[in-house]
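Okay, structure first, notes after.
What you see below is based on every heavy atom in this structure, not just the backbone, and it leaves out hydrogens, waters and symmetry mates. All chains are named by letter (A, B, ...) in the order of the sequence lines, taking the proteins before the strands, and each is independently numbered beginning at 1.
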There are 4 protein chains.
Amino acid sequence: MTARRAQLIEAAHDLIVAHGIAGLRTRAVAAAVGIDHSTLHHHFPTKADLIEAVADRALAAFRPAEGPTQTLTEHLRHLAALMTTRPDLFTLMRELDLHATRDTAIAALMGPRDDRWRASLTALLPHPVHADLVIATVKGAGNHPATAPAVLKALLDLLRK
Amino acid sequence: MTARRAQLIEAAHDLIVAHGIAGLRTRAVAAAVGIDHSTLHHHFPTKADLIEAVADRALAAFRPAEGPTQTLTEHLRHLAALMTTRPDLFTLMRELDLHATRDTAIAALMGPRDDRWRASLTALLPHPVHADLVIATVKGAGNHPATAPAVLKALLDLLRK
Amino acid sequence: MTARRAQLIEAAHDLIVAHGIAGLRTRAVAAAVGIDHSTLHHHFPTKADLIEAVADRALAAFRPAEGPTQTLTEHLRHLAALMTTRPDLFTLMRELDLHATRDTAIAALMGPRDDRWRASLTALLPHPVHADLVIATVKGAGNHPATAPAVLKALLDLLRK
Amino acid sequence: MTARRAQLIEAAHDLIVAHGIAGLRTRAVAAAVGIDHSTLHHHFPTKADLIEAVADRALAAFRPAEGPTQTLTEHLRHLAALMTTRPDLFTLMRELDLHATRDTAIAALMGPRDDRWRASLTALLPHPVHADLVIATVKGAGNHPATAPAVLKALLDLLRK
DNA sequence: GATGAATGAGATTTCATTCAT
DNA sequence: AATGAATGAAATCTCATTCAT
């Protein structure tokens with residue numbers, strides 16, 4: 001059943017946000033949706049599969065913001081808004097970015113996304129390095145959710161000068 | 001003997017950089033310096049103590065760059081240079097930043113450091129939010145060591161305009 | 001399965017009688033019933049839980065002898081008989097009594113039992129201190145199973161004079 | 001140095017009383033007298049040797065009370081007084097009695113003492129089984145220091161009737 | 001006599017995964 | 001789809017003991 005899968009992905013998402021990927025326990029995920037932990041393996045053969053599914057869903061949540069039709073202002077404002085309404089998404093991304101360093105399956109998901117993101121940013125900016133600057137700042141701003149929106153706005157102002 | 005302690009800290013540093021804090025194994029640390037894993041506990045009662053010592057030493061390596069007497073240009077150039085010569089330091093910082101979210105002992109080390117860093121940046125910049133912008137960008141740039149120096153330079157140019 | 005639990009409790013009982021609570025090894029308990037030692041934790045999350053279950057079962061074996069409806073003669077004869085047929089029970093009790101000094105969970109099991117025992121003895125004896133005398137003697141007689149029944153009989157004779 | 005030995009024995013005595021033989025740590029004993037734990041092995045090659053020395057000293061403290069020249073009244077009064085002034089001695093005895101079950105070296109110390117004790121009691125009492133009764137009650141009374149003196153007095157009264 | 005470093009055996013506990021039902 | 005029992009590999013930490021200094 002695909003509803004169960006969705007439940008498990010959401011529970012895993014929340015637990016990763018709360019305890020990190022390293023602190024994720026399949027038992028806790030199963031318990032959160034009220035099934036036995038061995039049943040979880042019916043839906044996701046392995047823990048890595050579950051994490052991949054979580055990454056996949058989280059990446060999808062970002063996609064609208066990364067479309068090529070936006071202006072830079074729209075793009076950064078959208079991200080700043082997302083940081084306020086969905087801080088969990090950025091917490092998760094930090095986890096996944098770090099995890100990607102050592103897990104090729106996750107890297108295979110994250111890498112292309114960053115490439116697409118960089119490509120659409122490059123189209124909006126005069127200097128290609130500014131695409132990397134935006135990406136670095138957005139990722140780094142996730143460390144401090146409180147100041148993140150202001151930081152993105154400041155970057156936008158600098159880039160438009 | 002304090003030499004042994006230093007050896008263990010360095011081995012743990014390398015292993016965290018290679019496998020992450022989550023992937024750190026006390027046995028591996030002990031093996032790396034050629035002692036029994038139980039002897040490690042003679043020097044560091046607990047694994048957390050060892051990680052703290054690693055964090056402490058890494059933070060010390062940054063301190064010279066964070067002194068209040070520098071200009072912004074010097075500061076960012078120093079960091080860019082460090083990213084090239086000591087990329088391990090930035091990998092470690094990403095691990096520690098994430099770890100600090102859930103480990104108060106590490107948070108107690110990292111927090112004050114960021115505060116000091118922010119304070120000295122604020123003294124060098126017209127708008128306080130730019131201090132946060134620099135910190136976010138430096139932290140985020142660690143994800144992509146290849147483009148990091150160029151990104152820092154681009155940020156510097158924008159801030160000096 | 002509750003049969004497995006019962007098996008484990010019995011094996012633990014025997015091992016405590018043989019090697020003491022201090023000498024109890026979870027591995028040995030698991031091995032005695034032929035399962036992996038990690039499976040034991042499926043049935044008893046912690047070693048303390050297992051010991052508690054052993055204490056609980058042993059206390060239950062005494063309960064019939066401590067009922068309030070008996071005469072003192074019946075009571076002491078029953079205990080003397082038990083000392084001969086089930087000396088392991090008294091060995092275990094000595095272990096648990098000593099353990100209760102430092103383990104509040106065990107103390108919480110043993111304390112009320114002694115209180116009930118004292119209450120029913122008090123009802124059978126003219127002087128309340130004689131209840132404590134009986135309890136002390138029964139507990140102390142466990143040290144020497146060979147002379148224990150004769151000792152209890154001698155005490156009974158003195159109390160009936 | 002024999003003063004150091006005495007210090008170590010006393011510290012071990014106190015720690016056994018506080019944490020039981022099972023909870024005795026040589027490190028704690030050494031720390032209590034302010035020396036390194038490896039130095040302890042200079043005075044007592046093995047932990048068992050230390051425990052034996054503790055047992056030996058404790059037994060000596062009882063010896064005056066067990067001399068053959070006393071009357072039963074004196075004997076029990078002396079023990080009752082000791083229970084009040086030196087409850088630690090009885091706590092220790094319970095530990096040692098239980099330990100003797102599995103440690104032949106301790107058994108070799110405790111056995112002869114009980115034999116001598118029984119012999120001198122037998123000389124003071126009409127029925128030999130009363131010697132065992134007294135011993136059982138004294139040992140059992142140690143469980144409840146609060147009621148112990150009254151219990152011994154009650155036993156004395158019964159035996160003198 | 002004393003120290004600190006080292007050892008090695010071991011103990012409990014955790015956890016993803018498998019399998020029979 | 002689901003369960004519960006079982007597994008096995010591993011991980012941290014403990015502790016008495018030894019040894020060189």
Below 4.0 Å: OP1/OP2 of [N] and any side-chain N or O of [X]:
X: C/Thr26; N: E/dT12; answer: yes
X: C/Arg4; N: F/dG4; answer: no
X: A/Arg27; N: E/dT17; answer: no

If you check the [X] side chain, which of [options] turns out closest?
X: B/His37; options: F/dC13, F/dA6, F/dC15; result: F/dC13
X: A/Ile35; options: E/dA6, F/dT3, F/dT12; result: F/dT3
X: D/His41; options: E/dA11, F/dT18, F/dT3; result: F/dT18
X: B/Asp36; options: E/dG8, F/dG8, E/dA16; result: E/dG8
X: D/His43; options: E/dA2, F/dA2, F/dA6; result: E/dA2
X: B/Lys47; options: E/dT7, F/dC13, F/dC19; result: F/dC13

G-U wobble or Watson-Crick pairing nucleotide for F/dT21 (cut-off 3.5 Å, both distances): E/dA2
Donor-acceptor pair present, D/Thr39 side chain and E/dG1 base, under 3.5 Å: no
Nearest-angstrom distance from the residue atom [atom1] of [X] to [atom2] of [N]:
X: C/Leu24; N: E/dT13; atom1: CG; atom2: C1'; result: 15 Å
X: B/Leu40; N: F/dC13; atom1: CG; atom2: P; result: 9 Å
X: B/Asp49; N: F/dT12; atom1: CG; atom2: C1'; result: 13 Å
X: D/Ile21; N: F/dC15; atom1: CD1; atom2: P; result: 16 Å
X: C/Phe44; N: F/dG4; atom1: CZ; atom2: C1'; result: 15 Å
X: A/Arg5; N: F/dA2; atom1: CZ; atom2: P; result: 13 Å

C/His19, NE2: over 12 other non-hydrogen atoms inside 6.0 angstrom: no
Rounded to the nearest 0.5 Å, what separates atom [atom1] in [X] from atom [atom2] in [Y]?
X: B/Asp36; Y: B/Arg27; atom1: CG; atom2: CZ; value: 8.5 Å
X: C/His13; Y: C/Leu50; atom1: NE2; atom2: CG; value: 12.5 Å
X: A/Leu89; Y: A/Arg94; atom1: CG; atom2: CZ; value: 13.5 Å
X: D/Arg102; Y: D/Ile21; atom1: CZ; atom2: CD1; value: 11.5 Å

Sugar-phosphate only, base, or nothing, as touched by C/Leu50 at under 4.0 Å among non-hydrogen atoms: nothing
Nearest-nucleotide 5' precedence on DNA chain F, B/Pro45 against A/His42: A/His42
Along DNA chain E (nearest heavy atom to each residue), the more 5'-positioned of C/Arg25 and C/Ser38: C/Arg25
